[in-house]
Asker: 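Encoded as structure tokens, here's the structure I'll be asking about.
What you are looking at is a predicted structure, and each value in this text was computed from that prediction instead of being measured. Just follow the structure's listing: the first ligand is 1, and inside any ligand the first atom is 1. Because only heavy atoms are used, hydrogens play no part in the values below, and waters and symmetry mates are left out as well, while side chains stay in.
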Amino acid sequence: MQLVHTVEDLRAALRPFNSPVFVPTMGNLHDGHLALVRTGKPLGDVTVSSIFVNRLQFAPHEDFDTYPRTLQADCTRLEQAGCDIVFAPPEKELYPEPQVYKVQPPSDLADILEGHFRPGFFIGVCTVVMKLFQCVFSEAKGPRYALFGKKDYQQQMVIRRMVQQYAMPIQIIAGETQRAADGLALSSRNGYLSETERAEAVQLSLALRALARDALAAAGALPEKREALEALAMRALAVRGWQPDYLTVRRRHDLQPPSAQDAVTAQSLVVLGAARLGSTRLIDNFEI
Ligand code: PAF
């Protein structure tokens, strides 16, 4: 496996290949990232992962400075998973000057849920992903693949739509969320949890499962009952000491609330949630 730090070296390393498979990350890797690498590997002729903590997607009060940087351990794990090239640019390489051109995703998809609670987050994500795609895919002649985890459900939708709207010849593949034995979705931020918080953390996924059950039981009455069911799910977490941002039932195809005109079926819905436990903000979701 080759580790490169500059765009020039990345392009040189990729030149002999036709069909890159790309897994962008911010490092501090867990089995969810490695599953994406393993899923993607057979699709192309070279597998690339980037490790870059992207300042643009963090608000000033968020954890940019403390986000764990674990390059050595990440490279070991990526090599074991079959990754061929790791691109780990210093900040000055990707942002040699202030990034004034930014990708503005549509507000109907990007200013709700995560975008509502983290304003500007998806502008930062789309801008860096667009830039990373330019670095990774510029030499490609065959099919190009990029993989994103479904744990960041809204993120992979926003990126899929960006690729479609800009007619980028890249196939976006969504990987299933990987979970710990108790059901907690794997996340780089789980490492922030104390032992007590780690034991409690699974409650977010349990609350979402309960909300999914309630949504299905409501069936045709879901549009009228939805807000009350969501409030119940948020209260269930709040009484345990969580600070929920949202627990909600949405249509899978556009993340809007189901309306009276929609035929509500399990396949058409997703439940999504974000909540803070102590100082750690966790997100999770289930396609019902
Ligand atoms: O999901 C992430 O780790 C990041 O948002 C991404 C896609 C690597 C962009 O910085």
Side-chain angles (χ1 to χ4, degrees), residues 7 10 20-37 39-40 47-59 62-71 73-75 77-78 81 83 85-91 93-95 99 102-105 109-110 113-115 117-137 144-163 166 168 170-178 185-192 272 274 280-285:
V7 177
L10 173 69
V21 174
F22 179 39
V23 180
T25 82
M26 296 205 300
N28 193 27
L29 303 182
H30 52 71
D31 287 348
H33 297 110
L34 303 176
L36 294 178
V37 171
T39 303
T47 306
V48 190
S49 188
S50 60
I51 296 178
F52 181 68
V53 185
N54 173 37
R55 186 187 293 273
L56 282 191
Q57 68 192 73
F58 288 79
E62 291 182 339
D63 54 344
F64 174 78
D65 288 328
T66 52
Y67 201 88
R69 272 82 167 168
T70 53
L71 182 63
D74 291 343
C75 285
R77 302 199 73 194
L78 283 169
C83 183
I85 301 172
V86 176
F87 177 45
E91 195 169 17
E93 179 69 15
L94 270 202
Y95 299 132
Q99 182 71 29
K102 293 187 181 155
V103 179
Q104 174 85 52
L109 185 58
L113 307 174
E114 283 305 283
F117 287 95
R118 303 182 69 189
F121 171 68
F122 287 117
I123 296 177
V125 168
C126 286
T127 304
V128 79
V129 168
M130 170 75 92
K131 200 156 188 174
L132 289 166
F133 282 176
Q134 304 294 341
C135 300
V136 170
F137 293 120
R144 301 138 169 96
Y145 302 91
L147 289 92
F148 295 85
K150 276 196 196 172
K151 201 199 62 103
D152 296 287
Y153 200 85
Q154 190 177 3
Q155 170 174 276
Q156 55 89 23
M157 287 183 70
V158 169
I159 289 167
R160 198 182 286 282
R161 195 144 150 214
M162 175 181 83
V163 162
Y166 283 110
M168 301 164 91
I170 301 166
Q171 205 173 310
I172 302 297
I173 295 170
E176 292 304 323
T177 301
Q178 304 294 310
L186 298 190
S187 161
S188 299
R189 289 189 169 97
N190 291 351
Y192 295 154
L272 307 107
T280 308
R281 187 172 181 277
L282 299 177
I283 62 172
D284 199 356
N285 65 79

Asker: Which ligand 1 atoms are under 4.0 Å away from a heavy-atom of Val128?
Answerer: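 Taking each heavy atom of Val128 in turn, ligand 1 has 9 (C), 10 (O) under 4.0 Å.
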
Asker: Using side-chain contact (heavy atoms from CB on, under 4.5 Å), reason through Thr25 and Phe148 one step at a time and then give a plain yes or no.
Answerer: CA-CA 9 Å; Thr25 82; Phe148 295 85; over 6 Å; no

Asker: Listing request: all side-chain hydrogen bond (donor to acceptor under 3.5 Å, both in side chains) pairs with a residue in residues 120-136, at least two apart in sequence or in separate chains.
Answerer: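 For residues 120-136, and leaving out neighbouring residues, the side-chain hydrogen bond (donor to acceptor under 3.5 Å, both in side chains) pairs sorted by first residue read Gln99-Lys131.
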
Asker: What atoms of ligand 1 come closer than 4.0 angstrom to any heavy atom of Thr25?
Answerer: 8 (C)

Asker: Pick from Asp152, Ile283, Val158: which one makes a side chain to side chain contact (heavy atoms under 4.5 Å, CB included) with Glu114?
Answerer: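 It is Ile283, the one option of Asp152, Ile283, Val158 that forms the side chain to side chain contact (heavy atoms under 4.5 Å, CB included) with Glu114.
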
Asker: Is any side-chain N of the basic residue among Glu62 and Arg281 closer than 4.0 Å to the acidic one's carboxylate O?
Answerer: no

Asker: Which protein non-hydrogen atom lies closest to atom 1 (O) of ligand 1, naming both residue and atom, and how far is it?
Answerer: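 Minimum-distance protein heavy atom for atom 1 (O) of ligand 1 reads Gln155 NE2, 2.9 Å.
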
Asker: Name the closest protein heavy atom to atom 3 (O) of ligand 1, giving the residue it belongs to and the distance to 0.1 Å.
Answerer: Met26 CG, 3.6 Å

Asker: Considering only heavy atoms, does Ile159 approach ligand 1 within less than 4.0 Å through its side chain, its backbone, both, or neither?
Answerer: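 Looking at Ile159 and ligand 1, no heavy atom falls under 4.0 Å.
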
Asker: Side chains of Tyr153 and Asp284: do they bring a donor and an acceptor to under 3.5 Å?
Answerer: no

Asker: Measure the distance from atom 9 (C) of ligand 1 to every protein heavy atom, then report the residue, atom name and distance (to 0.1 Å) of the closest one.
Answerer: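 For atom 9 (C) of ligand 1, the nearest protein heavy atom is Gln57 OE1, 3.4 Å.
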
